[in-house]
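Everything quoted here is computed from the prediction, not taken from an experiment. When reading the values below, keep in mind they use all heavy atoms of this one structure, side chains included, and skip hydrogens, waters and symmetry mates. Proteins come first, then strands; the chains are lettered A, B, ... in the order of their sequence lines, and each starts at number 1.
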Protein chains: 2
Amino acid sequence: MKSAMRIGELGQSTGVDIETIRYYEKTGLLKNPERSSNGYRAYGPEHLERLSFIRHCRALDMPLADIKRLLEFVENPAADCGGIDQLISTQLSRVRARLKSMRALEQQLTALRNSCDTNHSASECGILHELVAAAQGETCACHRNAPSATTPDPPSDKRHKE
Amino acid sequence: MKSAMRIGELGQSTGVDIETIRYYEKTGLLKNPERSSNGYRAYGPEHLERLSFIRHCRALDMPLADIKRLLEFVENPAADCGGIDQLISTQLSRVRARLKSMRALEQQLTALRNSCDTNHSASECGILHELVAAAQGETCACHRNAPSATTPDPPSDKRHKE
DNA sequence: CTTGACCTTGGAGCAACTACAGGGTGTGTA
DNA sequence: TACACACCCTGTAGTTGCTCCAAGGTCAAG
């Protein structure tokens with residue numbers, strides 16, 4: 001019982017901001033650590049492991065709620081793992097869908113950027129013209145060059161549901 | 001002056017949620033429309049055009065702040081357009097960077113998913129083993145198969161700065 | 001005995017919406 | 001005329017995953 005780390009050390013060894021660690025604790029992802037006499041958080045190796053696990057999952061872009069579920073499986077190894085597979089597959093489709101629209105997006109932006117070559121006034125700027133035309137539904141360079149999708153997908157910042 | 005639309009119509013014809021329209025107004029992206037005697041918002045064709053412009057830019061995943069700047073160029077066509085080019089280029093690099101890490105991510109998830117084949121208990125689940133191993137820094141299928149990046153990039157939900 | 005690095009809590013703020021409560025308006029129909 | 005119902009209004013709070021801040025406690029070195 002000498003390996004107890006304080007939050008700063010844990011942050012250092014995992015590369016995680018201490019505010020983020022406290023946030024994980026607050027939201028129940030990371031277990032409440034012991035406290036030393038002065039009230040400081042005292043972490044053991046199990047916390048380091050768990051935090052690394054969380055970060056690895058986050059690097060896979062999984063939502064915290066999913067990570068929480070995975071952690072439950074880790075805690076409870078007797079449970080049926082069907083859910084895990086499901087969870088990863090869902091994440092994979094999310095990523096693939098996003099990837100697809102990102103590719104279209106890149107094409108469009110590239111086309112757009114190519115329509116502005118030199119310094120001139122905004123009224124002569126190809127980019128601006130393209131954007132305005134696009135808004136009016138006319139063919140624009142970005143749509144001409146785009147693979148198939150007319151508009152990749154309406155902003156889709158709704159990863160937090162569905 | 002009979003083409004005035006109410007918010008519902010504008011939403012319908014652009015495919016934008018009315019809450020979102022009001023949000024755009026509140027944050028200054030969309031100009032305050034006239035109000036009819038009953039206090040309802042009365043939009044003209046210029047609003048429709050502007051809103052379409054915004055949505056097209058959002059479909060290109062541009063942050064609202066950037067769109068605001070673009071709109072200023074639209075309003076003020078005499079300005080030098082150097083900034084526009086810059087803006088699009090920045091957006092393009094953002095997208096490309098994200099694309100790159102998403103590709104690595106897809107690889108990793110694919111590898112992960114392949115390590116779970118049938119129904120069994122969590123303690124025997126390949127996915128879970130891989131994840132735990134990965135967290136411990138050991139080689140795991142996802143890292144073995146990944147192209148170059150060990151970890152694609154720490155969550156990087158910090159697009160709102162840098 | 002003060003400086004400085006570290007730790008504590010609670011709360012606010014970021015993007016870009018989304019949802020809701022609690023109310024007003026306006027049209028169609030019984 | 002009464003009522004339902006679709007639409008509109010405002011304002012506020014919630015979402016995700018952090019990030020930052022203020023105001024203060026702890027502890028070792030100089």
So which heavy atom on Leu48(A) is nearest to which on Leu10(A), and how close? CA-CD1, 3.8 Å

Within the structure, does a side-chain N or O atom of Thr20(A) lie under 4.0 Å from either OP1 or OP2 of dG17(D)? no

Does Arg22(A) place a side-chain N or O at less than 4.0 Å from the phosphate oxygens OP1/OP2 of dT8(C)? yes

Measure the spacing between CD of Glu46(A) and CG of Leu51(A) and express it to the nearest 0.5 Å. 12.0 Å

Check this for me: does any side-chain nitrogen of one of Arg41(A) and Glu34(A) sit under 4.0 Å from a carboxylate oxygen of the other? no

When the C1' atoms of the five terminal pairs at each end define the local axes, what inter-axis angle does the helix from dC1(C)-dG30(D) to dA30(C)-dT1(D) show, to 10 degrees? 30°

In whole angstroms, how far is the C1' atom of dC9(D) from the OH atom of Tyr43(B)? 11 Å

Looking at Asp66(B) and Arg94(B), does any basic side-chain N land under 4.0 Å from a carboxylate oxygen? yes

Between dC18(D) and Glu19(A), counting only base atoms on the nucleotide and side-chain atoms on the residue, is there a donor-acceptor pair under 3.5 Å? no

For Arg58(A) and Met62(A), indicate whether the former's side chain and the latter's backbone hold a donor-acceptor pair under 3.5 Å. yes

Arg55(B) side-chain proximity, nearest of dC17(C), dG17(D), dC7(C): dC17(C)

Considering non-hydrogen atoms only, spot the tightest contact between Asp61(B) and Gln91(B) and give its length. O-NE2, 2.9 Å

Could you check which of dT9(C), dG17(D), dC17(C) has an atom nearest any side-chain atom of Tyr24(B)? dC17(C)

Within the structure shown, what part of the strands sits under 4.0 Å from Ile18(A) by heavy-atom distance: base, sugar-phosphate, or nothing? nothing

Considering only heavy atoms, which members of residues 28-42 of chain B lie under 4.0 Å from some atom of DNA chain D? Arg35(B), Gly39(B), Tyr40(B), Arg41(B)

Gln91(A) CD - dT16(D) C1' separation (whole Å): 14 Å

Side chain of Tyr23(B) only, heavy atoms from C-beta on: which candidate in dA16(C), dC7(D), dT8(C) is closest? dA16(C)

Given atom CD1 of Ile7(B) and atom P of dA6(D), what is their separation to the nearest angstrom? 18 Å

Need to verify one output field. Residue with the more 5' nearest nucleotide on DNA chain D, Lys26(B) or Gly8(B)? Gly8(B)

Over how many whole Å does the gap from Met5(B) atom CE to dC8(D) atom P extend? 12 Å

Just checking, is any N or O donor in the side chain of Arg22(B) or Thr27(B) under 3.5 Å from an acceptor N or O on the other one? no

dT19(D) P sits how many Å from Ile21(A) CD1, rounded? 12 Å

May I have the distance from Glu25(B) (atom CD) to dC17(C) (atom P), rounded to whole angstrom? 15 Å

Rounded to the nearest angstrom, tell me the gap between atom CD1 in Ile67(A) and atom C1' in dC18(D). 13 Å

When Leu64(B) and Arg6(B) are each assigned the nearest nucleotide of DNA chain C, the 5'-most assignment goes to Leu64(B)

What's the CE-P distance between Met62(A) and dT16(D), to the nearest Å? 17 Å

For a quick check under 3.5 Å, do Arg50(A) and Tyr43(A) share a side-chain donor-acceptor pair by atom type? no

Residues Lys26(B), Glu19(B): salt bridge by 4.0 Å N-O rule: no

For Asp17(B), check side-chain hydrogen bond (donor to acceptor under 3.5 Å, both in side chains) against everything at least two apart and list the hits. none

